[in-house]
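For the numbers below, each heavy atom of this structure counts, side chains included, while hydrogens, waters and symmetry mates do not. This one's a predicted model, so the numbers in the text were calculated from it and none came from an experiment.
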Amino acid sequence: MSRIGFLGLGIMGKAMALNLVKAGFDVTVWNRDSHKCDELVEQGARVAATPKAVAQVCDITFAMVADPQAALAICQGENGVAAGIAEGRGYVDMSTVDDTTSLEIANAITHAGGRFLEAPVSGTKKPAEDGTLVILAAGDESLYQQAKPAFDVMGKMAPYLGAIGQGANMKLVVNMIMGGMLNIFSEGMALGQKSGLDGQAILDVLAAGAMANPMFTIKGKMCLEDNYATSFPLKHMQKDLRLAVALGDKLDQPLPTAAATNEAFKQAKKAGYADEDIAAVHKINR
Ligand code: NAP
């Protein structure tokens, strides 16, 4: 069985790496804040001192970090993945980034002799824990085939989407739609409640019609209970909206609704809700 590396043990990475350990893979982990490795080590993972040290000993190294800046930081430099990857080894970055960042990482890895796949995911903390993520893979097809047994542990579906950029763009489109839905949902809830409607009655009516979806049900309950325990940090959704709007700029595609949604999430960040769940965008509306 392949030796697997995992970089980035935040909300998502920790759950994904834990599932790989539980499935019997030989996993070596690294996280910037090394304390977050402790639970994985207790469960049987090895730990290495740098991303380079992980890539040096693993057949495939996976990464799940915050944003483009973090994804580049763990790949580049004297302690980065590119410095440790050897001929034929694989690097799979599952972080949500833009296509330009993904291409930059792909170039650094292939220049060093490695193979690269981008594989951002759709699904939040619970699907990561349950191993039911949707994995959006693009890049080196031989690495996709080699990584498939690990994808099967982390996700319920892992389509191969083609060239580098196709996975990143698919992920940004999905999250742009999700952010927009959540923002207008939150405005609707706020308007309804201000006009005297019962919040639960609004959720029940929505759930009975063509707009029924798990997100309105789950995030709606959080809004009514004023409990924004973090599954998907609000700051990361704002990052995704910013990257989607930038992609629209690059392609000359007007995105007026996404741009307004990005501003709402920026406002929520400024109001102090960056590390709360995305549902906390409701707090600027209510
Ligand atoms: P998170 O809990 O905030 O974890 C972020 C991870 O990135 C941590 O391991 C953090 O390390 C690391 N990191 C941040 N800046 C870094 C840097 N400069 N150098 C090295 N490591 C750095 O985030 P998350 O929710 O797991 O999300 C991770 C990625 O998945 C993001 O791209 C997000 O957009 C995407 N995503 C999240 C969800 C979700 O529902 N949560 C769903 C789909 C996709 P430290 O522990 O040292 O800070």
Side-chain angles (χ1 to χ4, degrees), residues 11-12 66-67 96 98 120-130 132-134 136 156-157 168-249 251 253-286:
I11 294 171
M12 298 295 283
D67 53 20
T96 304
D98 56 301
V121 307
S122 190
T124 184
K125 185 177 179 222
K126 182 82 167 58
E129 289 168 348
D130 295 346
T132 55
L133 295 165
V134 176
L136 307 168
K156 64 177 176 186
M157 177 183 168
N169 291 343
M170 180 70 86
K171 173 64 192 165
L172 292 183
V173 166
V174 168
N175 272 25
M176 185 186 94
I177 294 170
M178 181 164 78
M181 283 174 66
L182 188 59
N183 191 37
I184 194 69
F185 166 77
S186 153
E187 287 185 14
M189 285 288 286
L191 177 66
Q193 287 181 290
K194 206 159 270 180
S195 76
L197 296 175
D198 176 66
Q200 187 57 54
I202 301 173
L203 294 185
D204 292 344
V205 169
L206 283 172
M211 281 183 290
N213 69 72
M215 183 175 73
F216 287 175
T217 305
I218 294 166
K219 303 303 182 189
K221 187 166 180 282
M222 292 171 78
C223 295
L224 292 186
E225 292 174 355
D226 202 23
N227 171 5
Y228 300 98
T230 313
S231 283
F232 183 12
L234 187 143
K235 64 185 175 192
H236 293 336
M237 172 58 95
Q238 194 273 314
K239 171 258 306 180
D240 295 348
L241 289 161
R242 167 172 66 79
L243 296 177
V245 170
L247 182 63
D249 282 353
L251 300 178
Q253 173 64 37
L255 299 172
T257 307
T261 303
N262 185 38
E263 295 305 317
F265 277 83
K266 272 164 68 182
Q267 201 184 333
K269 255 175 69 177
K270 193 171 175 214
Y273 311 136
D275 292 314
E276 296 188 36
D277 190 75
I278 51 172
V281 73
H282 184 58
K283 291 204 235 180
I284 62 166
N285 289 315
R286 68 184 183 190

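- Contact annotation: the side chain of Leu133 never approaches that of Lys156 to less than 4.5 Å [non-hydrogen atoms, C-beta and beyond].
- With sequence neighbours left out, Leu191 forms a side-chain contact (heavy atoms from CB on, under 4.5 Å) with no residue at all.
- Between Leu247 and Asn169 there is a side-chain heavy-atom pair separated by less than 4.5 Å.
- Interatomic distance, Asn285 CG to Asn183 CG, rounded to the nearest 0.5 Å: 6.0 Å.
- Contact annotation: the side chain of Asn213 approaches that of Met181 to within less than 4.5 Å [non-hydrogen atoms, C-beta and beyond].
- The side-chain heavy atoms of Lys239 and Arg242, taken from C-beta on, include a pair separated by under 4.5 Å.
- Residues Leu203 and Gly220 come closest through the heavy atom pair CD1-C, 3.7 Å.
- In this structure, Ile278 CD1 and Thr124 OG1 are separated by 7.0 Å, a value rounded to the nearest 0.5 Å.
- Using a 4.0 Å cut-off between a side-chain N of Lys or Arg and a carboxylate O of Asp or Glu, Arg286 and Asp226 qualify as a salt bridge.
- Listed by chain and residue number, Met176, Val245, Leu255 satisfy the side-chain contact (heavy atoms from CB on, under 4.5 Å) test with Ala258 (two or more places apart in sequence, or in another chain).
- Taking 4.5 Å as the limit, some side-chain heavy atom of Leu172 sits within range of a side-chain heavy atom of Thr96.
- At least one side-chain heavy atom of Asp277 sits less than 4.5 Å from a side-chain heavy atom of Lys219.
- For Asp204, the side-chain contact (heavy atoms from CB on, under 4.5 Å) partners two or more places apart in sequence, or in a different chain, are Gln200.
- Taking a cutoff of 4.0 Å between a charged side-chain nitrogen and a carboxylate oxygen, Glu263 and Lys266 qualify as a salt bridge.
- Across all their heavy atoms, Cys223 and Ala279 have their closest contact at SG-O, 4.0 Å.
- Leu234 contributes atom CG, which lies 8.0 Å from atom CD of Glu276 (distance to the nearest 0.5 angstrom).
- Taking 4.0 Å as the cut-off between side-chain N and carboxylate O, Asp240 and Lys171 do not count as a salt-bridged pair.
- Residues passing the side chain to side chain donor-acceptor pair (under 3.5 Å) test with Lys125, sequence neighbours excluded: none.
- The ring-ring contact (aromatic ring centres under 6.0 Å, His included) analysis of residues 209-246, with sequence neighbours excluded, yields the pairs Phe185-Phe216.
- A 6.0 Å sphere centred on CE of Met178 holds more than 12 heavy atoms belonging to other residues, nucleotides or ligands.
- Within 6.0 Å of atom CE in Met215, more than 12 heavy atoms from other residues, nucleotides or ligands are found, so the atom counts as buried in its surroundings.
- With contacts defined as side-chain heavy-atom distances shorter than 4.5 Å, the pair Tyr273/Val281 does not qualify.
- Rounding to the nearest 0.5 Å gives a distance of 12.0 Å between NZ of Lys270 and CD1 of Ile284.
- Pairing each heavy atom of Gly192 with each of Ser195, the nearest pair is O-OG, 2.8 Å.
- The side chain to side chain donor-acceptor pair (under 3.5 Å) test applied to Thr261 returns no partner, not counting sequence neighbours.
- When side chains are defined from C-beta on, Gln193 counts as touching Leu224, because their heavy atoms get closer than 4.5 Å.
- Without hydrogens or angle criteria, Thr230 side chain to Asp275 main chain gives a donor-acceptor distance under 3.5 Å.
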